[in-house]
Structures are given as C-alpha cells and as structure tokens.
Amino acid sequence: MGVAAGGRGGDYLASWIDCACRGGRFDAMLDDLDPIWSKPHEAAHNLLSEIGPKSPKGRPTIVFGGTAQTAFNRAARRGD
C-alpha cells in the first residue's frame, strides 16, 4: 500500500485542516491503523480493533512517498 501525508495545500484548505499539521496527523492515523490491521488474537480490545475485515496476513506492506527529510525519516521508521 502506498501512502504519504500529501503536499497540496489546497486539499487541506478545502478540508479546513492546517497543512502545517499534516505530518503529526498522518502519524496519528498510522498509529490508529495498527490495531485495525492486527491479527484478531493480537488486536487490542478497543473500538479500532473491531474495524474490519482483518487482513489475512496482518499489516499490509507499506511504501511511503514524499521528498522532505521528515518523509524519509518516517519511511525508515515505519515503512517496508
């Protein structure tokens, strides 16, 4: 799965979201996806763990996009 925080300011403006906060919001979304992608026996017992269907292999392979140093750091920490 390919993901990135996005860099088109107009997209954030249309959503009433500050573009400068996109990295932190993106990291928070990735944190929320971990329990959703967990295998059923590994999932935390919270609302997010009930979202499905579960991937049969758990977390999908993730490829990060972006050209800023922050994007490179995120890809090194969290990407495949």
Side-chain angles (χ1 to χ4, degrees):
M1 177 172 79
V3 295
R8 296 183 342 174
D11 293 343
Y12 288 90
L13 182 63
S15 301
W16 298 89
I17 296 172
D18 182 2
C19 186
C21 299
R22 70 187 181 274
R25 292 176 63 93
F26 185 44
D27 285 331
M29 285 185 268
L30 292 169
D31 291 341
D32 288 343
L33 289 171
D34 287 337
I36 295 169
W37 287 330
S38 295
K39 294 179 182 172
H41 65 280
E42 297 172 359
H45 294 289
N46 60 43
L47 264 176
L48 292 176
S49 69
E50 300 302 318
I51 296 173
K54 298 285 184 234
S55 169
K57 295 182 180 180
R59 179 184 170 279
T61 300
I62 301 175
V63 178
F64 286 87
T67 58
Q69 185 62 48
T70 305
F72 297 145
N73 295 343
R74 182 180 292 113
R77 279 191 331 269
R78 303 186 80 146
D80 299 302

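Start at 1 with the first residue, then count along the sequence.
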Next item on the list: Just grab all the side-chain hydrogen bond (donor to acceptor under 3.5 Å, both in side chains) pairs involving residues 19-28, residues at least two apart or on different chains.
Entry: Asp27-Arg74
Got a list of side-chain donor-acceptor pairs under 3.5 Å for residues 61-68, not counting sequence neighbours?
none

Check: With sequence neighbours left out, what residues match Asp11 under side chain to side chain donor-acceptor pair (under 3.5 Å)?
Finding: Arg8
Check: According to a 4.5 Å side-chain heavy-atom criterion applied to Ile, Leu, Val, Met, Phe, Trp and Tyr, with indirect links allowed, do Leu30 and Met1 form part of one hydrophobic cluster?
Finding: yes
Item checked: Minimum heavy-atom distance between Arg59 and Arg78, given as atom pair plus value -> NH2-O, 2.7 Å
